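Please read these numbers as outputs of a predicted model, since none were measured by experiment. In what follows, chains are A, B, ... by sequence order, proteins preceding strands, each numbered from 1.
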2 protein chains.
Amino acid sequence: MNINMKNIDDNDRNILKALQRDASPSLENLAAQLSLSTNACWRRIKRMEADGIIARRVAIVDPEAVGLRMTVFVAVRTSDHSDKWLEKFAAAASSVEEVVEFYRMAGEVDYLLKLLVRDVADYDRVYKKLIKAVPLSDVSASFAMERIKYETAVPV
Amino acid sequence: MNINMKNIDDNDRNILKALQRDASPSLENLAAQLSLSTNACWRRIKRMEADGIIARRVAIVDPEAVGLRMTVFVAVRTSDHSDKWLEKFAAAASSVEEVVEFYRMAGEVDYLLKLLVRDVADYDRVYKKLIKAVPLSDVSASFAMERIKYETAVPV
DNA sequence: AATGAAATTATGAAACA
DNA sequence: TGTTTCATAATTTCATT
């Protein structure tokens, strides 16, 4: 079992489900919905925040509404598997705000990046920014035509 | 230019940057930070909510903290490119809460799914649930070993 | 010790200048 | 557009079990 894993009960789970869907309703409303007292609910939320289960509260911006019409998945293969190289690559890629997700993978592909860009020209700009920071040889991009589902809620 | 795209100015952009990072501070705090009056700030936020730029406010749960240690990318190739098949597949995959993202792709792969699961056994369970709903022949899974960056904020 | 009711403080929403 | 007012919600305290 994961060292970071925290125990939560059904009430916690229900709170998380609700807050992951919509964090805007008042405590009173939320508590009433879940048949909890306002305070019980409040204390559970505070505990889960302290435990790092609830990492943060954010506003979700619709990418289309601000002209970000393209999601690109960039698969990177490298011959250099040293910690030093990864450190440099991780720092460079993470600092690029268009790189919204970044994973170290098992199997054929070594790293997978998810980019959010305006169009193909914008992708090219970000790509150049990336390879300028860290030389990359084996890079392949896959373009998403349509975002059918995007969910920040994790299954609890 | 995208039909859905809305015009925003620098103040809007600053508000979005801040709220995407952390939506918990009070209006007063946020406004002070950006050298705006509380009300100007409030009105801008309300407008952006009405325009669909700010889609919603949510709590972000740390997947590790609830035992979801594995991100899996599932690439699907299909021979059936009819609307009817896509409709069925989209409905089935979207209804699975472990499928957190789902894209229609250009190129070799037809669809890309991002799954959040506990472990390999859990992946197998979700995979079976998926192919039970819609028969899939050409499926390949890539496992993420480490999540280096995960950002809900889009570049504005 | 844990829980819920109630008082207090802070914040959001609206009217108005 | 900024200032003031009012309503609502978050937080703390306290009594009860």
Side-chain angles (χ1 to χ4, degrees), chain A residues 1-67 151-154 156, chain B residues 4-63 65-67 151-154 156:
Chain A
M1 192 77 351
N2 189 335
I3 193 75
N4 291 321
M5 190 176 167
K6 311 286 179 182
N7 281 325
I8 54 171
D9 65 14
D10 282 350
N11 280 328
D12 290 341
R13 245 178 283 278
N14 289 333
I15 291 171
L16 290 180
K17 273 187 220 282
L19 289 183
Q20 286 193 112
R21 216 177 306 125
D22 184 4
S24 54
S26 71
L27 255 182
E28 221 173 38
N29 259 296
L30 178 66
Q33 239 172 34
L34 308 175
S35 332
L36 284 170
S37 79
T38 312
N39 253 334
C41 195
W42 182 78
R43 277 194 287 249
R44 281 171 184 273
I45 291 170
K46 289 294 143 183
R47 177 176 44 75
M48 290 194 283
E49 284 173 350
D51 285 355
I53 294 171
I54 297 175
R56 50 192 185 143
R57 286 151 185 273
V58 299
I60 301 295
V61 170
D62 177 7
E64 294 266 335
V66 293
E151 189 53 72
T152 54
V154 309
V156 287
Chain B
N4 291 320
M5 190 175 166
K6 311 288 179 182
N7 281 326
I8 54 173
D9 65 13
D10 281 350
N11 280 328
D12 289 342
R13 245 179 282 278
N14 288 333
I15 291 171
L16 290 179
K17 273 188 219 279
L19 290 183
Q20 286 193 111
R21 215 177 307 123
D22 183 5
S24 54
S26 70
L27 254 182
E28 223 173 35
N29 259 296
L30 178 67
Q33 237 172 36
L34 307 175
S35 331
L36 285 171
S37 80
T38 311
N39 254 329
C41 195
W42 180 75
R43 277 194 285 251
R44 280 171 184 275
I45 291 170
K46 290 293 144 184
R47 178 177 44 75
M48 290 194 284
E49 283 173 350
D51 285 354
I53 294 171
I54 297 175
R56 49 191 186 144
R57 286 150 184 275
V58 300
I60 301 295
V61 170
D62 178 6
V66 294
E151 188 53 72
T152 53
V154 309
V156 288

Engineer: Identify whether the distance between the nearest side-chain nitrogen and carboxylate oxygen of B:Arg56 and A:Glu151 falls below 4.0 Å.
Structural biologist: yes
Engineer: Determine, step by step, whether B:Ile54 and B:Glu49 satisfy the side chain to side chain contact (heavy atoms under 4.5 Å, CB included) criterion, reporting the C-alpha distance in whole Å, the side-chain angles of both residues, the deciding distance to 0.1 Å, and the verdict.
Structural biologist: CA-CA 5 Å; B:Ile54 297 175; B:Glu49 283 173 350; 3.9 Å; yes
Engineer: Which of these passes salt bridge (Lys or Arg N to Asp or Glu O under 4.0 Å) with A:Asp12: A:Arg47, A:Arg43, A:Lys6?
Structural biologist: A:Arg47
Engineer: Would B:Asn39 and B:Ser37 count as having a side-chain donor-acceptor pair, cut-off 3.5 Å?
Structural biologist: no
Engineer: Mind checking which nucleotides bracket the chain B contacts on DNA chain C, 5' to 3', with an atom under 4.0 Å from a heavy atom?
Structural biologist: C:dT11 to C:dA15
Engineer: Given the rule in the side chain to side chain contact (heavy atoms under 4.5 Å, CB included) test, do A:Leu30 and A:Ile45 qualify, once you have shown the distances and angles that lead to the verdict?
Structural biologist: CA-CA 11 Å; A:Leu30 178 66; A:Ile45 291 170; 3.9 Å; yes
Engineer: What are the residues of residues 22-45 of chain A, sorted by number, that bring a heavy atom to within less than 4.0 Å of DNA chain C?
Structural biologist: A:Ser37, A:Asn39, A:Ala40, A:Arg43
Engineer: Salt bridge check, B:Arg44 against B:Asp9: does any charged N sit closer than 4.0 Å to a carboxylate O?
Structural biologist: yes
Engineer: Please evaluate residues A:Lys46 and A:Asp51 with respect to the criterion salt bridge (charged side-chain N to carboxylate O under 4.0 Å, His left out), reporting the C-alpha separation (whole Å), side-chain torsions for both, the decisive distance (0.1 Å), and the verdict.
Structural biologist: CA-CA 9 Å; A:Lys46 289 294 143 183; A:Asp51 285 355; over 6 Å; no
